[in-house]
Amino acid sequence: MARRRTGLDEVRAHYARQMAAMSGSHDPRIARAFDLVRREAFLPPGPWQVVAGDQLISTPSDDPAFLYQNVLVAIDREKGINNGEPFLHAAWIGAVAPQPGEAVTHIGTGGGYYTAVLAVLVRPDGTVTGFEVDSALAAYAAANLKPYENVTVVAANAVTSEIPPSDIVYVSAGVAAPPLCWLSALKPGGRIVFPWRPAHEVGLAVLARRTEQGFAAKIIGSAWFIGCAGASDFGRNGPTSTVARQIKSIVPTGERPPDQTALAIYPELWFSSALPE
């Protein structure tokens, strides 16, 4: 019996189900969003180069089916810019749980793929503002995101720019510590997820939520991203991974000076092993 060839729609649907499973969420809209957003629409023309360990491997052809797996896809080899690992972003999206009508700020929008997924999840009345410091990449993302009327791409450094009030701040660039303005932009109940690089050898994903008591925080996995311009001075004296994983809150220094629970201290804020008070 001849084996039936799997079509692209089936491949994409299978990928979307994997993303939903990796999200850890029971929200059926996540699978729908990953099924609707075409990954190839946010990449250069194929064949593509995918990351395997420390090597780049070209896909055999420009068949988009090769993109619907858990691989990093190169956008700009020289700058080290890629499309991001789908399983990681699915987990982050599940953790921040975008809801219809919410306002999202995506810092490091890149080519716009995950920006588009977020945009679908906050429809019909929600918005996404994407910041991209690389002007050429910002223009590329804006062109890719034209079909998404609820997205605005800003070609600017989010570290030094004004961040709009947000229910979610989604950061796709590694930081030694998040600028205080990112936390201040969070609405009550707002969430931020970011790659924390307190030291060269430490890369962790942090999820924080604004509560009435302060900013509750926890580690939700490992994360290695290229540095965020202006916030990625990864020192060698930061906490070890074991110590960093003990964080339970982020405290603005202006609200309370560091105490004996401090695990990492920065000019504007510090990370504590105690829950918000």
Side-chain angles (χ1 to χ4, degrees), residues 23 72 75 80-98 102-119 121-122 127-134 137-138 141 151-187 190-199 202-210 215-234 238 244 247 249-250 252 264 266 268-269 271:
S23 75
L72 300 170
I75 295 177
I81 298 171
N82 60 61
N83 188 243
E85 181 187 334
F87 280 2
L88 180 147
H89 284 281
W92 283 21
I93 289 170
V96 297
E102 290 193 317
V104 178
T105 295
H106 186 187
I107 297 170
T109 198
Y113 176 55
Y114 298 106
T115 313
V117 174
L118 291 165
L121 289 168
V122 298
T127 60
V128 181
T129 302
F131 282 83
E132 177 52 55
V133 69
D134 185 309
L137 190 56
V151 175
T152 300
V153 176
V154 180
N157 189 333
V159 174
T160 56
S161 300
E162 183 177 354
I163 303 301
S166 306
D167 296 288
I168 295 171
V169 175
Y170 192 99
V171 186
S172 297
V175 297
L180 183 58
C181 63
W182 296 358
L183 298 179
S184 300
L186 291 176
K187 300 177 182 180
R191 295 84 72 201
I192 180 173
V193 61
F194 61 91
W196 185 28
R197 295 285 310 280
V202 179
L204 299 168
V206 177
L207 173 68
R209 179 184 295 269
R210 185 167 202 161
F215 298 98
K218 63 179 180 179
I219 304 299
I220 59 171
S222 299
W224 299 92
F225 282 70
I226 61 174
C228 179
S232 57
D233 184 13
F234 309 134
I247 70 163
S249 64
I250 303 174
Y266 305 94
E268 294 185 317
L269 51 80
F271 290 74

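- The structure places OG of S161 at 6.0 Å from CD1 of I163, a figure rounded to the nearest 0.5 Å.
- In terms of heavy atoms, P178 sits closest to L269 at O-CD2, 3.2 Å.
- Here the side chains of I192 and F215 are not in contact, with every heavy-atom distance at 4.5 Å or above.
- In terms of heavy-atom proximity, P164 sits nearest to T129 at CG-OG1, 4.1 Å.
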- [ ] Start with the C-alpha gap between N157 and F131, add the side-chain angles, then the distance that decides, and say whether side-chain contact (heavy atoms from CB on, under 4.5 Å) holds.
- [x] CA-CA 7 Å; N157 189 333; F131 282 83; over 6 Å; no
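- When atom types are taken as modelled, the side chain of R210 and the backbone of L186 share a donor-acceptor pair closer than 3.5 angstrom.
- In this structure a side-chain-to-backbone donor-acceptor pair under 3.5 Å is present from E132 to D134.
- Taking both residues in full, the closest heavy atoms of V159 and W182 are given as CG2-CZ2, 4.0 Å, listed atom of the first, atom of the second, then distance.
- Between P98 and the choices L121, V128, D167, the side-chain contact (heavy atoms from CB on, under 4.5 Å) rule is met once, by L121.
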Open item on the list: Checking T127 against T152 for the side-chain contact (heavy atoms from CB on, under 4.5 Å) test, could you report, in this order, the C-alpha distance in whole Å, the side-chain angles of both residues, the deciding distance, and whether it holds?
Closed with: CA-CA 8 Å; T127 60; T152 300; over 6 Å; no
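- Ring planes of Y170 and W92: perpendicular class, angle over 60° (limits at 30 and 60°).
- Inter-residue side-chain proximity for S172 and T109 is flagged as unmet; no heavy-atom pair is nearer than 4.5 Å.
- With contacts defined as side-chain heavy-atom distances shorter than 4.5 Å, the pair S23/I93 does not qualify.
- Checked by atom type and distance alone, the side chain of R191 never pairs as donor or acceptor with a backbone atom of A208 at under 3.5 Å.
- Classified by interplanar angle (parallel below 30°, tilted 30° to 60°, perpendicular above 60°), the ring pair H89/Y114 is parallel.
- Here the closest non-hydrogen pair linking A141 and G110 is CB-O, 3.1 Å.
- Of the listed residues (V171, I168, V96), just one forms a side-chain contact (heavy atoms from CB on, under 4.5 Å) with V193, and that residue is V96.
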TODO: Evaluate the side-chain contact (heavy atoms from CB on, under 4.5 Å) criterion for residues V206 and I219: first the C-alpha distance (whole Å), next the side-chain angles of each, then the deciding distance (0.1 Å), finally the verdict.
DONE: CA-CA 5 Å; V206 177; I219 304 299; 3.7 Å; yes
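- Between V151 and A119, the shortest heavy-atom distance links the atoms CG2-CB, 3.4 Å.
- The minimum heavy-atom distance linking S166 with T105 is given by the pair OG-OG1, 2.7 Å.
- Checking side-chain atoms of W196 against main-chain N and O of G203 turns up no donor-acceptor pair under 3.5 Å.
- Annotation: the span from I81 atom CD1 to L137 atom CG amounts to 5.0 Å, rounded to 0.5 Å.
- F225 and F194 have their aromatic ring centers separated by at least 6.0 angstrom.
- The closest donor-acceptor contact from the side chain of E268 to the backbone of L180 lies under 3.5 Å.
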